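What follows is a short report on a single structure.
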Amino acid sequence: VISLDADVLVLGAGVIGLSTAVCLAEAGVSVVVAAADPPERTTSVAAGAIWGPHLVGMDERIDRWANVTLTSLARLSHPELGANELAGIVHRATGIAASRESDAPAPEFAATSSDLAPCAPGEVPPGYASAWRLTATTVAMPGYLGYLAGRFGRAGGKSAFPAKIGSLSDASRLAPSARVIVNCTGCGARDLVPDPDVVPVRGQVVVAANPGITEFFVGTSRDPGDLTYVFPHGDVVVLGGTEQRGNWRLDPDPATAERIVAACAAIEPALREAEVLEHRVGLRPARSRVRLEAERSGNVTIVHNYGHGGSGVTLSWGCAEDAAELALVALAGLP
Ligand SMILES: Cc1cc2nc3c(=O)[nH]c(=O)nc-3n(C[C@H](O)[C@H](O)[C@H](O)COP(=O)(O)OP(=O)(O)OC[C@H]3O[C@@H](n4cnc5c(N)ncnc54)[C@H](O)[C@@H]3O)c2cc1C
């Protein structure tokens, strides 16, 4: 039986757990991250990813968390201010958001883009009835999670994988010295807490060699099963996708992968011959609203930070800062 020595135990090594752990470690707290799966096998690594709220319980907190995150991503990837290691990982890109319907409003994720403009009829991609051009922040998740893990380590943080926890009281036994446990377990929270409000929305993507695409594409329709996207990240391009509510399957479905490549090749013909490098599946932790709050359990404070649905990357820094603040208040013994 391993025993981890730290003031704070963060459960979960996805974008939410790692961002929260970075905030705490950089505040000078001793932190250990424990997770059933390492960063490279989480839902977070499967994300496209583009900044913009989508498939998340919208409430008054979302805008602020999303904007805090956007500012942080902009600062981190600024060529002079930020971390050079994020070059090509967090970047601003132009692209198209298209809809099968002619009367559809701009998709939710794009609505807050500062330069959103309707496409001229000749620019609307084949099979779509309306489209907008916009600039957005995109994130190559494998590299980004590697950056977060490295930054956490440099701040003195420790990690323990694999460590699957059956219950929150088991978590206390894993790290007996921890006075605060931060629960960033995504879909795992459904059984761990337990919290039946958490439901997986399965997403499958294909990673292919980039045949030279520089602009992203997101195509949606009223049918949530009809989702097509192309996110170029340097040498690779992430092709999606699916949104399958209640589906826990973690293995990639070959027929779905074929359908994804065909739908993306209809937009970008060069993708028809592109070499497939990898398949990824993630379970978006959907919930009626993000759970970010502290609760007392015996001598331990549990700070919950889960249920970010299709917006975990978009909300990551905003939620991490708030969760870290709740943990720091608990450590200081304040009410
Ligand atoms: C295909 C796809 C595309 C997406 N695109 C975007 C996008 O463009 N923009 C955006 O903002 N978001 C996007 N998302 C959503 C985003 O990926 C999620 O909201 C985010 O990854 C959730 O992060 P998380 O850290 O909460 O969960 P996860 O990444 O799932 O991490 C959970 C962690 O908890 C651990 N864990 C779980 N249960 C236990 C347990 N019992 N004991 C120990 N450890 C446990 C896991 O092992 C893991 O380390 C997308 C998701 C998918 C699948």
Side-chain angles (χ1 to χ4, degrees), residues 9-21 33-56 62 65-66 69-70 73 107-110 136-141 144-145 148-149 159-168 170-171 174 181-194 198 200-207 216 218 227 229 231 238-244 247 250 252 256 260 279-287 290-292 304-320 323:
L9 170 64
V10 174
L11 291 178
V15 70
I16 300 297
L18 289 179
S19 306
T20 308
V33 171
D37 304 292
E40 60 275 16
R41 282 210 303 275
T42 56
T43 287
S44 300
V45 85
I50 192 163
W51 181 92
H54 169 67
L55 217 129
V56 63
I62 298 294
W65 286 333
T69 306
L70 187 62
L73 291 175
E108 205 180 20
F109 84 88
T137 296
T138 63
V139 184
M141 291 307 292
Y144 186 64
L145 293 174
L148 290 177
S159 307
F161 317 122
K164 185 165 168 52
I165 312 295
S167 68
L168 290 169
D170 284 355
L174 181 68
I181 295 172
V182 191
N183 171 22
C184 308
T185 53
C187 279
R190 185 180 165 99
D191 286 340
L192 184 73
V193 174
V198 178
V201 179
R202 181 180 181 277
Q204 179 172 332
V205 300
V206 176
V207 183
F216 66 82
V218 182
L227 171 68
Y229 54 82
F231 289 117
V238 176
L239 312 176
T242 69
E243 286 186 355
Q244 298 162 286
N247 186 331
L250 279 172
T256 302
I260 288 171
H279 300 272
R280 292 187 194 136
V281 174
L283 305 176
R284 301 173 183 89
R287 195 177 185 271
V290 174
R291 185 167 186 206
L292 204 166
H304 297 284
N305 187 7
Y306 65 85
H308 302 81
S311 304
V313 183
T314 304
L315 305 176
S316 54
W317 285 113
C319 290

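Here the structure is a predicted model, which means the values were calculated and not measured. The figures that follow rest on heavy atoms only: side chains count, while hydrogens, waters and symmetry mates do not. For ligands, and for the atoms within them, numbers begin at 1 and follow the listed sequence. Residues take their numbers from the sequence shown, with the count starting at 1.
The option from Pro53, Gly240, Pro38, Ser44 that lies nearest to atom 23 (O) of ligand 1, judged by heavy atoms, is Ser44. Summarising the contacts of atom 4 (C) of ligand 1 with Gly282, Gly241, Ala66, Ala47, the nearest heavy atom is found in Ala47. Of the candidates Arg284, Arg280, Lys164, Met141, the one placing a heavy atom closest to atom 51 (C) of ligand 1 is Arg284. Across the listed options Val33, Val313, Ile50, Ile50 owns the non-hydrogen atom lying nearest to atom 7 (C) of ligand 1. Taking only non-hydrogen atoms, the option from Val56, Val238, Ile165, Val193 nearest to atom 41 (N) of ligand 1 is Ile165. Counting heavy atoms only, Gly310 comes closest to atom 10 (C) of ligand 1 of the residues Gly186, Gly310, Ala49, Gly166.
For ligand 1, the atoms lying closer than 4.0 Å to a non-hydrogen atom of Gly48 are 3 (C), 4 (C), 5 (N). Those atoms of ligand 1 with a heavy atom of Val205 less than 4.0 angstrom away are 1 (C). Near Gly188, meaning under 4.0 Å from any of its heavy atoms, are these atoms of ligand 1: 37 (C), 38 (N). Near Asp37, the atoms of ligand 1 lying under 4.0 angstrom from a non-hydrogen atom of the residue are 46 (C), 47 (O), 49 (O). When each atom of ligand 1 is checked for a heavy atom of Ala36 under 4.0 Å away, the hits are 43 (C), 44 (N), 45 (C), 47 (O). Counting atoms of ligand 1 from 1 in the listed order, those under 4.0 Å from a heavy atom of Val15 are 23 (O), 25 (O).
Only the backbone of Cys184 comes within contact range of ligand 1, with a heavy atom under 4.0 Å; no side-chain atom does. With a 4.0 Å heavy-atom cut-off, ligand 1 is reached by the backbone of Ala163 but not by any atom from C-beta on.
Among the atoms of Gln204, none of the N or O lies under 3.5 angstrom from an N or O of ligand 1. Not a single N or O atom of Ala46, backbone or side chain, sits closer than 3.5 Å to an N or O atom of ligand 1. Considering backbone and side-chain N/O of Gly312, one or more are found under 3.5 Å from N/O of ligand 1. Between Ala13 and ligand 1, at least one N/O pair is under 3.5 Å apart.
Listed here is the closest heavy atom pair of Val313 and Val15: N-CG1, 4.2 Å. In terms of heavy atoms, Trp51 sits closest to Ala66 at NE1-O, 2.9 Å. Contact detail for Gly186 and Pro285: the closest heavy-atom pair is C-CB, 3.6 Å.
Among residues two or more places apart in sequence or in another chain, the salt bridge (charged side-chain N to carboxylate O under 4.0 Å, His left out) test is passed with Arg41 by none. For the ring-ring contact (aromatic ring centres under 6.0 Å, His included) test, no residue two or more places apart in sequence or in another chain qualifies with His279.
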Ring pair (Phe, Tyr, Trp, His ring centres under 6.0 Å) between Tyr306 and His304, worked out: CA-CA 6 Å; Tyr306 65 85; His304 297 284; 5.7 Å; yes
Between Val205 and Leu239, does a side-chain contact (heavy atoms from CB on, under 4.5 Å) hold up when you go through it step by step? CA-CA 5 Å; Val205 300; Leu239 312 176; over 6 Å; no
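With respect to atom 24 (P) of ligand 1, the closest heavy atom belonging to the protein is Ile16 CG1, 3.7 Å. Closest to atom 19 (O) of ligand 1, if we only count protein heavy atoms, is Gly309 O, 2.7 Å. If you check which protein heavy atom lies closest to atom 35 (C) of ligand 1, you get Gly12 CA, 3.8 Å. Looking only at heavy atoms of the protein, atom 48 (C) of ligand 1 is closest to Thr42 CG2, 3.6 Å. When hydrogens are left out, the protein atom nearest atom 39 (C) of ligand 1 is Thr185 CG2, 3.8 Å; that is the closest non-hydrogen contact.
A side-chain donor from one of Asn305 and Thr20 sits under 3.5 Å from a side-chain acceptor of the other.
Between Tyr229 and ligand 1 there is a heavy-atom distance shorter than 4.0 Å.
Put simply, the side chain of Val182 does not reach to within 4.5 Å of the side chain of Leu9, judged on heavy atoms.
If you run side chain to side chain donor-acceptor pair (under 3.5 Å) between Glu243 and each of His54, Arg202, Gln204, only His54 comes through.
Using bins of under 30°, 30° to 60° and over 60° for the plane-to-plane angle, the ring pair Phe231/Tyr229 lands in the tilted bin.
Note that NE2 of His308 and SG of Cys184 are 7.5 Å apart. Values are rounded to the nearest 0.5 Å.
Proximity of a side-chain donor or acceptor of Ser311 to a complementary backbone N or O of Thr314 within less than 3.5 Å is not detected.
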